[in-house]
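Quantities reported herein were computed from a predicted structural model and do not represent experimental measurements. Only this structure's heavy atoms are used, side chains among them; waters, hydrogens and symmetry mates stay out.
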Amino acid sequence: MGPNRKPNVCNQLSRRALGFFARDAGVVQRTNLGILRVLVCQESTKFKNVWTTHSKSPIAYERGRIYFDNYRCCVSSVASEPRKLYEMPKCPKSEKIEDALLWECPVGDVLSNPSDYKSSLIALTAHNWLLRISATTGKILEKIYLASYCKFRYLSWDTPQEVITIKSAQNKCSVLAHQAGIQQTVLLYLAVFQALPFSLVGIVEINKRIFGNVTDATLSHGILIVMYSSGLVRLYSFQAITEQAKNGIQEMDCCSLESDWIYFHPDASGRIIHVGPNQIKILKLNEIENNSSQHQISEDFVILANRENKKENLITVTASGRVIKKSFNLLDDDPEQETFKIVDYEDELDLLSVVAVTQIDAEGKAHLDFHCNEYGTLLKSIPLVESWDVTYSHEVYFDRDLVLHIEQKPNRVFSCYVYQMVCDPGEEEEEEEEEEVEEEEILNTNC
């Protein structure tokens with residue numbers, strides 16, 4: 001097979017049936033996922049909205065499970081219709097789950113408890129407790145109290161499935177403190193824990209006296225990422241924070257109301273994803289020649305939004321009646337231009353999934369694009385049927401043959417749209433047309 005030819009799905013299936021991959025289970029799995037990737041990206045494949053549900057509380061998704069009522073109720077998304085897996089007892093609002101991550105047992109590790117070999121949900125509650133909950137029964141397996149001096153709100157992986165970062169809400173200066181001339185120097189806190197069992201690594205205080213006029217910060221793969229309103233991003237080695245080891249500065253050349261965001265690529269390649277409203281940069285972190293302790297950042301590839309270079313004309317009329325025209329560029333996150341909203345990675349199919357939104361008249365239209373993770377090539381684009389209101393929060397997940405869109409609507413109503421892959425829509429349409437013809441013939445006969 002030539003290097004540029006696409007793998008033949010029928011050939012791959014035949015080779016699998018004949019036992020060509022029987023000696024290595026990993027080869028079978030990779031072959032199956034390669035076949036699925038070809039099916040997902042081929043032109044005739046469509047994604048059909050199979051069911052939609054609404055809730056008065058936030059909806060979350062983790063690996064085939066949809067969580068309702070602040071993670072209290074768990075529903076399987078694998079079936080064509082929702083199936084409840086478990087429901088935890090009701091709790092006061094002050095003890096509700098704020099955020100959660102799905103932890104899965106590492107391969108090859110010897111664990112102390114039998115329950116540790118099963119998937120669990122690492123959850124953060126509103127009253128600063130960190131919980132480990134069984135993903136199949138909802139039973140609490142482990143819990144630890146974090147702190148009383150700040151409000152922790154967000155969970156993320158520093159090292160996937162190994163080290164957790166717990167981020168606090170940003171400290172706001174009160175009106176009385178502001179009037180008294182007291183400045184709030186601590187923006188937020190980052191607590192770092194080993195996942196199993198829970199073990200504190202350390203707590204980082206993001207202080208403006210040290211980091212400057214910082215607007216946000218996060219921790220990923222041992223790198224402290226600090227962001228500023230000017231679009232400046234600084235990268236620090238978490239291990240060498242006490243020694244001040246600065247690894248790099250990145251700037252996104254854009255003019256927008258919303259800040260850009262940056263994080264390490266989830267594919268463990270050491271690359272960095274830097275996302276702005278109209279461009280996505282995939283960056284490489286390389287060792288400097290003859291100095292392995294220093295790193296430099298270079299560009300791997302860039303994904304650009306599909307937009308025109310529009311300029312608006314501002315017309316003013318002077319007192320003498322002279323017309324003056326001034327042209328100015330629109331903001332990079334102007335809603336009437338295609339704007340990137342979500343970037344994610346499907347690890348099993350090795351695809352980057354990108355959500356782009358364009359505001360058309362009163363409503364926004366979104367589409368989900370699949371890009372080659374190695375080169376950034378656009379492989380497929382899927383339109384989302386429902387409108388996209390840019391004033392509210394949205395989440396989109398792509399998991400094998402499933403696309404799931406969670407959105408917040410006015411009056412705190414949350415909606416969940418589930419799309420499943422359909423490989424032969426032409427045959428379905430022909431069957432539907434045949435059924436309609438048969439129904440018309442029956443009606444005509446009865447008349």
Side-chain angles (χ1 to χ4, degrees), residues 1-52 61-66 76-83 104 265-267 269 301 303 342-356 366-386 395-406 416-434:
M1 182 183 295
N4 296 325
R5 288 181 60 189
K6 292 183 180 179
N8 185 286
V9 172
C10 294
N11 184 35
Q12 294 278 65
L13 289 171
S14 299
R15 286 168 62 84
R16 186 180 66 180
L18 292 171
F20 274 76
F21 314 117
R23 295 181 182 177
D24 187 349
V27 173
V28 175
Q29 175 70 352
R30 288 194 295 273
T31 302
N32 290 344
L33 292 174
I35 292 170
L36 180 58
R37 175 178 164 140
V38 172
L39 292 173
V40 164
C41 294
Q42 70 184 7
E43 188 176 353
S44 61
T45 299
K46 307 294 181 186
F47 280 78
K48 182 181 179 182
N49 182 211
V50 290
W51 60 272
T52 300
Y61 175 80
E62 287 283 355
R63 289 286 187 185
R65 297 176 175 91
I66 304 175
S76 172
S77 68
V78 177
S80 57
E81 293 183 359
R83 178 173 59 89
E104 296 175 302
H265 200 308
D267 68 354
S269 64
F301 62 82
I303 299 172
I342 297 172
V343 179
D344 204 356
Y345 173 64
E346 216 298 339
D347 57 347
E348 294 182 301
L349 302 184
D350 196 29
L351 292 171
L352 280 173
S353 60
V354 177
V355 177
H367 56 89
L368 175 64
D369 294 341
F370 299 152
H371 291 263
C372 171
N373 184 45
E374 187 175 1
Y375 302 110
T377 311
L378 177 62
L379 302 175
K380 190 175 187 63
S381 184
I382 300 169
L384 298 182
V385 177
E386 61 278 6
E395 295 175 62
V396 174
Y397 301 93
F398 169 47
D399 192 355
R400 289 191 176 186
D401 62 340
L402 182 84
V403 171
L404 188 137
H405 175 206
I406 298 171
C416 177
Y417 307 88
V418 178
Y419 294 76
Q420 283 189 333
M421 186 177 78
V422 180
C423 285
D424 292 312
E427 293 182 5
E428 287 189 353
E429 290 172 4
E430 289 177 6
E431 290 175 1
E432 290 175 0
E433 288 175 1
E434 289 175 0

Do L379 and H371 come within less than 4.5 Å of each other through their side chains, counting heavy atoms only?
-> no
Going by heavy atoms in the side chains, are L402 and Y397 under 4.5 Å from each other?
-> no
Taking side chain to side chain donor-acceptor pair (under 3.5 Å) as the test, write out the residues that go with [X], two or more places apart.
{"X": "D344", "value": "none"}
{"X": "E346", "value": "none"}
{"X": "T377", "value": "none"}

Residues in side-chain contact (heavy atoms from CB on, under 4.5 Å) contact with [X], at least two apart in sequence or another chain:
{"X": "E386", "result": "L384, H405, Y417, Y419"}
{"X": "I66", "result": "W51, I59, Y61, F68, S77, L404, C416, V418"}
{"X": "L33", "result": "Q29, E348, L349, R400"}

State the CG-CZ distance between D399 and R65, to the nearest 0.5 angstrom.
-> 11.0 Å
Taking all non-hydrogen atoms of both residues into account, name the closest pair between [X] and [Y] and its distance.
{"X": "I303", "Y": "G376", "answer": "CG1-O, 4.1 Å"}
{"X": "E104", "Y": "R63", "answer": "OE1-NE, 4.3 Å"}
{"X": "V396", "Y": "I342", "answer": "N-CD1, 3.5 Å"}

For F47, check ring pair (Phe, Tyr, Trp, His ring centres under 6.0 Å) against everything at least two apart and list the hits.
-> none
For H265, ring pair (Phe, Tyr, Trp, His ring centres under 6.0 Å) partners two or more places apart = Y345
Derivation and outcome, side-chain contact (heavy atoms from CB on, under 4.5 Å), residues C41 and L351 = CA-CA 10 Å; C41 294; L351 292 171; 4.0 Å; yes
Taking only residues two or more places apart in sequence or in another chain, which ones pass salt bridge (charged side-chain N to carboxylate O under 4.0 Å, His left out) with D350?
-> none
